[in-house]
Amino acid sequence: LNNFPFKRKQGQVSLKRLEELLAQAERLLEGSPHEAVEPAQSALHLAQQQGQPKAQQRSELLLAKAHFQSGNAKLALGHLQVLEAQPLGPRQSTEVALLLGRCHNEMGDNPEATAHLVKAVQQAQAGGFSDLQSAALNALAGVYYAQGNYVEALMTLNQAVQLVRVLGQ
């Protein structure tokens, strides 16, 4: 019991450090995705040590994004598969479906890419996540185009453009 206040303070310091690592990874993801891997990996380890499942999920998603944006769809896929097996909130679930679709597309697996991207579009629409819906439609149009389904690609891309116009982006 003599160590109780010390342990509580130590836990608070660890949680603060965890948030700092996650924020750093998010910042780096914008301009230098390969540099976001190290803080996201450190955050994942710390979240696991601290028993923080939400922070673990956030770290896994950041790692997936960083690896994908750095050109390593296979590594990203590993992190996404971990997330796919967990209960996620609606936005996070949509982000995972979108990124899974992009990874499968990058690896040339068009049927898997299509399935995940259609799921992402549906989830984004149901959740009111217009930004994710537009991104998923854009990616799905690319898959259709790669398959030679040009009419479907054009119609899907037009849906994405309409959403972007509504969003004012």
Side-chain angles (χ1 to χ4, degrees), residues 18-19 21-23 25-31 33 36-37 39-41 43-44 47-48 52-169:
L18 178 58
E19 281 303 318
L21 288 167
L22 289 168
E26 286 170 348
R27 278 192 310 275
L28 289 169
L29 193 59
E30 295 301 314
V37 172
Q41 191 68 53
L44 178 59
Q48 289 168 335
Q52 298 289 326
K54 294 291 185 199
Q56 287 178 43
Q57 290 173 344
R58 199 168 145 203
S59 300
E60 291 280 8
L61 187 55
L62 283 168
L63 281 164
K65 288 178 180 180
H67 287 305
F68 180 77
Q69 290 176 21
S70 297
N72 196 333
K74 271 192 165 184
L75 275 178
L77 193 59
H79 292 287
L80 293 167
Q81 288 169 337
V82 168
L83 287 169
E84 195 176 28
Q86 299 177 12
L88 302 171
R91 184 167 180 91
Q92 221 175 18
S93 179
T94 304
E95 286 183 281
V96 168
L98 171 59
L99 205 44
L100 278 166
R102 286 179 170 167
C103 286
H104 284 289
N105 183 42
E106 195 70 28
M107 296 185 317
D109 188 351
N110 289 334
E112 278 293 312
T114 301
H116 287 292
L117 292 170
V118 166
K119 179 180 177 183
V121 169
Q122 292 168 343
Q123 288 179 333
Q125 188 172 18
F129 311 125
S130 299
D131 58 329
L132 295 178
Q133 185 180 357
S134 176
L137 285 166
N138 187 32
L140 185 58
V143 173
Y144 289 147
Y145 185 85
Q147 293 173 331
N149 192 345
Y150 304 120
V151 173
E152 191 70 27
L154 186 57
M155 290 179 4
T156 305
L157 190 56
N158 278 333
Q159 289 177 335
V161 168
Q162 292 304 318
L163 267 176
V164 170
R165 283 189 180 142
V166 169
L167 293 171
Q169 297 179 344

What's the spacing between [X] [atom1] and [Y] [atom2] if we round to 0.5 Å?
| X | Y | atom1 | atom2 | answer |
| --- | --- | --- | --- | --- |
| Lys74 | Cys103 | NZ | SG | 12.0 Å |
| Leu140 | His116 | CG | NE2 | 13.0 Å |
| Phe129 | Leu163 | CZ | CG | 14.0 Å |
| Leu28 | Leu62 | CG | CG | 10.5 Å |
| His67 | Leu75 | NE2 | CG | 4.5 Å |
| Leu63 | Leu83 | CG | CG | 9.5 Å |

Specify the closest pair of heavy atoms between [X] and [Y], including all atoms of both residues, with the distance to one decimal.
| X | Y | value |
| --- | --- | --- |
| Thr94 | Pro90 | OG1-O, 2.8 Å |
| Ala136 | Leu98 | CA-CD1, 3.5 Å |
| Gly101 | Ala113 | O-CB, 3.4 Å |
| Leu22 | Ala43 | CD2-CB, 3.7 Å |
| Ala73 | Met107 | CB-CG, 4.0 Å |
| Thr156 | Glu152 | OG1-O, 2.7 Å |

Taking salt bridge (Lys or Arg N to Asp or Glu O under 4.0 Å) as the criterion, tell me which of Lys65, Arg102, Lys119 meets it with Glu95. Lys65
Do [X] and [Y] have side chains that approach each other closer than 4.5 Å (heavy atoms only, starting at C-beta)?
| X | Y | result |
| --- | --- | --- |
| Leu117 | Val121 | no |
| Gln159 | Gln133 | no |
| Leu157 | Leu137 | no |

Kindly indicate, with the supporting measurements, whether the criterion side chain to side chain contact (heavy atoms under 4.5 Å, CB included) is fulfilled by Arg58 and Glu26. CA-CA 10 Å; Arg58 199 168 145 203; Glu26 286 170 348; 3.2 Å; yes
Donor-acceptor under 3.5 Å (Ser70 side chain, Ala66 main chain): yes
What residue pairs, at least two apart or across chains, pass side chain to side chain donor-acceptor pair (under 3.5 Å) with a residue in residues 75-93? Gln57-Gln86, Glu60-His79, Arg91-Asp131, Ser93-Gln123
For the pair Gln162 and Arg165, evaluate side chain to side chain contact (heavy atoms under 4.5 Å, CB included) and give the outcome as yes or no after the intermediate values. CA-CA 5 Å; Gln162 292 304 318; Arg165 283 189 180 142; 3.2 Å; yes
Checking Leu80 against Leu61 for the side chain to side chain contact (heavy atoms under 4.5 Å, CB included) test, could you report, in this order, the C-alpha distance in whole Å, the side-chain angles of both residues, the deciding distance, and whether it holds? CA-CA 7 Å; Leu80 293 167; Leu61 187 55; 4.3 Å; yes
Let's go through Tyr144 and Thr114 carefully: what are the C-alpha distance in whole Å and the side-chain angles of both, what is the deciding distance for side chain to side chain contact (heavy atoms under 4.5 Å, CB included) to 0.1 Å, and is it a yes or a no? CA-CA 8 Å; Tyr144 289 147; Thr114 301; 4.3 Å; yes
